[in-house]
Amino acid sequence: MTGIHVDSVTKRFDQDATKPPTLDEIGLSIADGEFVALLGPSGCGKTTLLRMIGGLEQPTSGSVLINGEQLSGASKTTRRKLLANVGFVFQEHNLLPWRNALANVAVPLEVRKVPKAERLRIAEEMLALVGLSEAAGKLPHELSGGMRQRVAIARALAYDPDILLMDEPFGAVDAQTRDSLNLELQRIWMQRRKTVVFVTHSVPEAVFLADRVVVMRAAPGQIVEDLRVTIPRPRSLDASLTQDFLATTARLRSHLGEGTSAQELAK
Amino acid sequence: MTGIHVDSVTKRFDQDATKPPTLDEIGLSIADGEFVALLGPSGCGKTTLLRMIGGLEQPTSGSVLINGEQLSGASKTTRRKLLANVGFVFQEHNLLPWRNALANVAVPLEVRKVPKAERLRIAEEMLALVGLSEAAGKLPHELSGGMRQRVAIARALAYDPDILLMDEPFGAVDAQTRDSLNLELQRIWMQRRKTVVFVTHSVPEAVFLADRVVVMRAAPGQIVEDLRVTIPRPRSLDASLTQDFLATTARLRSHLGEGTSAQELAK
Amino acid sequence: GEDDKSSAPGSAATVKRTYQTALGYNVGNAPEMVAREAGFFSKLGLDVNVISSTGTPQALQGVLAKTTHYSRVQSISIVTAVANENAPYVAFGTPVQRSAFEMQSLADKPIKSVAELAGKNLGVISAGGTTDVLITLMARKEGIDPASIKRKVVGLGVAAAEFAKRGEIVAWVGSAAERKALEAAGTPVSSFAFDDVVAVPADTYFTTKEEFSANREVVVKVLAAFYAGLEFVLDTANDKKTIEYIRNYNREIKPEEAQRQLDLVRPLYTATGKDKLMTVDKARWAELQESLLAEGVIKQKANLDDVVIDSLVAEAKAVKP
Amino acid sequence: MKPPGRNWRRAIDRSLVWWSTPLVLVLLYLIWKAYIAITGVSPFVLPGPAAVFEALKEQVTDPYIWKVHVWATFTETLWGLGIAIVIGVTLGFLIGKSRVLARVLKPFIVATQVTPKVALAPLFVLWFGFGPGSKIALAAIVSFFPIMTNTAFGIQSLPRSLREMGTSVGARTWYRFGRIELPYTLAYILAGLEVAIVLATIGAIVGEYLGGDKGLGRYALNLQNNLQIDMLFGSIVLMAAYGLVLYGIVVALKYFLIPWHESVRVLREDQI
Amino acid sequence: MKPPGRNWRRAIDRSLVWWSTPLVLVLLYLIWKAYIAITGVSPFVLPGPAAVFEALKEQVTDPYIWKVHVWATFTETLWGLGIAIVIGVTLGFLIGKSRVLARVLKPFIVATQVTPKVALAPLFVLWFGFGPGSKIALAAIVSFFPIMTNTAFGIQSLPRSLREMGTSVGARTWYRFGRIELPYTLAYILAGLEVAIVLATIGAIVGEYLGGDKGLGRYALNLQNNLQIDMLFGSIVLMAAYGLVLYGIVVALKYFLIPWHESVRVLREDQI
Ligand SMILES: Nc1ncnc2c1ncn2[C@@H]1O[C@H](COP(=O)(O)OP(=O)(O)OP(=O)(O)O)[C@@H](O)[C@H]1O
Ligand SMILES: Nc1ncnc2c1ncn2[C@@H]1O[C@H](COP(=O)(O)OP(=O)(O)OP(=O)(O)O)[C@@H](O)[C@H]1O
Ligand SMILES: [Mg+2]
Ligand SMILES: [Mg+2]
């Protein structure tokens, strides 16, 4: 049994049982090599779910399995073993403030004892990928918000994990960079067949990237839609002009209770 | 002379003169009550420019005037006086970690010595506006990323400043919330005629909200376009379907070097 | 300021003074503690507070600071301070006629003379100070180079025996009380008294020149009370009371232990004879000053006539509380 | 849901509060006993644990020691610490906020710290008397320094984002201090306080050593002069226990004052 | 571009480094002189500034004092501090990471801090010898505590985001320690070091007071015994200057070791 299995996971942050839980008996199975996008209103529990899969949060009840092995409640060693192949891009960047962009990208490579020259090469390559070759020597506090976010993306990509958990990774970058990063991400995914769980607030982004889009609602946090996207790969940016694409986004929007955002429609 | 005047402002973070400055002789005049949106690629200097107007950064050369008075290089007292009516929504939220959402919103009201009952009323109202009434008692670390951002918006709106500087305020909220916040912002702006400088990565958002859209480029940071948006107010979300709207977004996109993002076009 | 007013001649109010002990509230300070507790001070119209000290430097400086008025230290300290630093001291009574210091060593490896210490390690209670000078004087007397005795600070004399057992020192400076304590704990000790090598005037009461010249009659009364205290302490019939008085200050000491120590210190008070209690022996002071000068401890001689007042004891005896 | 191994370990961890200290005490007791048995060290240097325990029993059951000595040291320590907090936070704030003041004041503050107080004892007595005053002064002087250092460090560590938030809402010095800087710095002050309470205790005790008629220091000095070494060690154990209680109180303060702080949050959660 | 008022003030601020200390020294000198003139305090308690200055001049020009006393105290202090850093960081790390270890160890560590070292002097000598050993031990014991406290505080303050980043990249204990926790905690350790260097100096000097044949403490004790109070105060000034230099070195370390830290960045920038 490979892939990620979230098995009727409930998460309560406060013990008050009268309130709806943050996550309410969530069940979700993600196959090996699948690209899943997670949509939902702010505060519905997307980050919490992702953190649970990433082993950063314990479920109140239920369990998370990675490649068939219990993650929640596992021993430290097992947990580390399971998470060794999980890359995480956090919603709020967490670069080491004393390391420059390049050295930050190299962190997971250092952990994996990649030789120094190799490390440098990969880190530089990754920085180039996110368009930050110029900023390699800058400390995090010298970077703009979007640049910090891109460094964090480069870091997660650097060590080529099998599973990639990404929490609104492109929230602070401009549309052009976002497009190019979307294309890159698709390319990498197709090449390496990673399992990706991708949180976003952009419906088109979700449809463009994902095999499956999962929509959540809030209070209690539940899955309200689990939609397969059948648009063939590789998808070019033009794919979003197809009927299929438009139908899918419309359907997702209805589940998000958005109706169709008139403004977005116009774009 | 009222409004904001940025007078050939140059900003260099490092002293290496061979490198292009972060901001290169920027000139920008914003009239009283004007709503200006600032667009530009990640790292082009939007935040830096906004911080300069907000008195948080000193220009290397050039000057910033608020209501005709020198802000850059002014004494502490003058600076405080000038900034008393400037509200700032930062790109990265900065809530006081020891205060719950409600108390964080109340901070600027406390500074202005608004009586306690009044303070509470306004803060609650503002939290309701951003859809967080439920979360009033939560500490920042108990909030989701988008919720934190909304608390920060509520805080900036709470004390009703004449000038509002907003740095990607809606970057981490879902489309639905974003639409409603856009409408709210327009309503408040029309009611109170604030001067607003609004940084965003979303071209439609800029066009929907602004009287004027200013586009910047990077390295050196310069203004490449300054476009007046003539769509009549109040703009409903449907306004974005008009020909005018589409033409404006297309023009801005060309300046952003985006061509037209195919993906966005599809939406 | 206040003190001056209350001590003005002819004033009927009680005169307030502070006496600082030589070290803690040891049994050795019995005469002064008794003088207060038995009411000898108050009978003379004095209100003298007896407070403790951590040793000679504090006692010396306290008097000069006027935070205290009287104290007692080794005569060596007074001579040195007056000769070298021109300190305005006046010494006016010698309760302890014989130094309490002993050179102690393990009974199975006894050190019988100072000469044997040449090139060896000697344990001392604290560095510098009077014992250091005394050792120097004794070494010279025995014809060895004082610097050849390596002095090591080991803290209490009782702790020093431990270092002797380890062979890190061959002898140490201690008191009779410490010797007894060691022997009681099963460590036989060999010892000889410092005074048997070089006899110097031991503890002396002192005050400032200012106090002495301005309030001579107060000084006399204070000494009278001390004298009465000393006599009280010497009378074994009073022992129960004496011990009770001591324990008012030093509640921790056990009565039996206080009794033991009392028996050990009494001979020091009467070393020169019961009739010479408290007597100031100017000749011995002069002798001391000579040897200090010879040793280079002092750079010049002081005029002891101004410093050592030997006439006060007689006056004090006449006052009798 | 959790494998049993973890629960077991957790139960052990929980109960630890109750048995770890006694266990280590028993261990220490045995080591102590063994050390004496092996080296045969004199009881005047290190008395045996049994003797010290006897002495301690006597001391603990003596109400006089509690009412006079412990109480005296306690009040001196608390007064000293109180003054140290006021001075330390004030100076720390000034120094942390202003490089100018730091330049001007720091040399003199540091100078007060590196001079041995024993040498200045007569001045202390002159200025503060033989009573509790001089002990309180000593306790305050030795203990304000870590508070000051940590306060300055905390204020300088205030994240730029919070500082700029203050600027942008137009907060004045006092608001900044009371509502932004002080709350943020509280965690740092409390860490300084952990060191300070220990130093204040030492300061008071050393002050009593230098003169005075009550307090644990005075008491210990009497015992030392009386050669009651077992009692002396008993009193040292007493002082240790006393200091420990004060320290515990300061540490516990964290949970009430800065529950939001990461350093407290990690303690309250099961670490992952 | 900047109004002249600001430039002026800045120039004054800059030059301050040069004149503030001398100015305050002159001020202190005057206060000192006036105090003596008004109170007529005995020069044996507080000598006049002129006399102390004379004494200091003599001491400063005496190579023996530098080569023997200052050097002895210096080496003892540095050794003590070095040991304190190793012990303090290790214990701080263990205690900061593990509530269990904190529960087990802290009571005993605090106990070592609140007991007056004077009472234990014979044990120190017994265990560490008459030479510099016992002074180094004392310096280490009194100075590791603030380092430990601040290390533990720093490690517990490690932002969750960085801790979780470590978890998510699969970092093991040693990598976490060396590359995440230690660099983050360095700022806290250095703040602890500011207190520790002062305590180590005091520890060494007090150790010399309690016994020994060289070092500034021994020297001061001699002077006190000889009632050479002007020289004593000279030596106190010397100790203050000495401690100040060590302190300055520790503070300067910050600029090299943690240039990225907010507390250093604010110092390097013109504060707005
Ligand atoms: N540590 C915590 N303590 C208490 N409540 C928490 C905690 N973390 C999250 N929550 C709550 O859980 C809910 C879900 O939070 P989560 O961060 O998962 O939302 P999200 O879907 O990621 O939202 P966003 O899109 O805004 O990032 C929120 O209501 C939040 O208040
Ligand atoms: N404190 C600083 N020190 C050095 N360089 C800085 C500093 N702050 C910003 N910069 C540089 O200035 C440039 C502009 O940064 P700024 O934050 O203004 O960008 P931005 O337009 O807001 O980008 P984004 O959309 O990613 O937030 C970037 O290249 C950044 O590296
Ligand atoms: Mg989230
Ligand atoms: Mg920005």
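Below, read A as the first sequence line, B as the second, and so on, with proteins coming before strands; counting in each chain starts at 1.
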Within the structure provided, determine whether [X] and [Y] are in side-chain contact (heavy-atom separation under 4.5 Å).
X       : Y       : result
F153(D) : K254(E) : no
Y242(D) : V114(E) : no
F145(E) : L199(D) : no

Heavy-atom pairs under 4.5 Å with chain E, option from [options] with the top count:
options                   : result
A152(D), G154(D), A187(D) : A187(D)
T201(D), L28(D), V45(D)   : V45(D)
A220(D), S157(D), G243(D) : S157(D)

> Once you round to the nearest 0.5 Å, how far does CG of L244(D) lie from CD of Q113(E)?
Replying inline: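 Atom-to-atom, L244(D):CG and Q113(E):CD are 11.5 Å apart.
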>> Nearest 0.5 Å, please: how far is CG in L193(E) from OG1 in T149(D)?
In response: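 CG of L193(E) is found 11.0 Å from OG1 of T149(D).
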> Which bit of V142(D) comes within less than 4.5 Å of chain E, counting heavy atoms only: side chain, backbone, both or neither?
Replying inline: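 For V142(D), no heavy atom lies under 4.5 Å from chain E.
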> L120(D) versus chain E, heavy atoms under 4.5 Å apart: side chain, backbone, both or neither?
Replying inline: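 The side chain, not the backbone.
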> Just checking heavy atoms, which of residues 226-240 of chain E are less than 4.5 Å from chain D?
Replying inline: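 The list, in residue order, reads L232(E), F233(E), I236(E), M239(E), A240(E).
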> Non-hydrogen atoms of chain D under 4.5 Å away: do they reach the side chain of E194(E), the backbone, both or neither?
Replying inline: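 Both backbone and side chain.
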>> Need one label for A191(E): side chain, backbone, both or neither, based on atoms under 4.5 Å from any heavy atom in chain D.
In response: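 For A191(E), backbone and side chain are both near chain D.
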>> So which atom in Q156(D) and which in V266(E) form the shortest heavy-atom distance, rounded to 0.1 Å?
In response: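 Closest pair (atom of Q156(D), atom of V266(E), distance): O-CG2, 3.8 Å.
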> With sequence neighbours left out, what residues match E262(D) under salt bridge (Lys or Arg N to Asp or Glu O under 4.0 Å)?
Replying inline: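 Once residues adjacent in sequence are excluded, the partners of E262(D) under the salt bridge (Lys or Arg N to Asp or Glu O under 4.0 Å) criterion are R265(D), R160(E), R163(E).
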>> Over 60° means perpendicular and under 30° means parallel, so tell me whether Y188(D) and Y188(E) are parallel, tilted or perpendicular.
In response: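 Plane angle under 30°, so parallel.
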>> Which residues pass the side chain to side chain contact (heavy atoms under 4.5 Å, CB included) test with V206(D), not counting sequence neighbours?
In response: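 L138(D), I202(D), L210(D).
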> Which residues pass the side chain to side chain contact (heavy atoms under 4.5 Å, CB included) test with Y35(E), sequence neighbours left out?
Replying inline: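 Partners of Y35(E) under the side chain to side chain contact (heavy atoms under 4.5 Å, CB included) test: L126(D), W127(D), T39(E), V41(E), L46(E).
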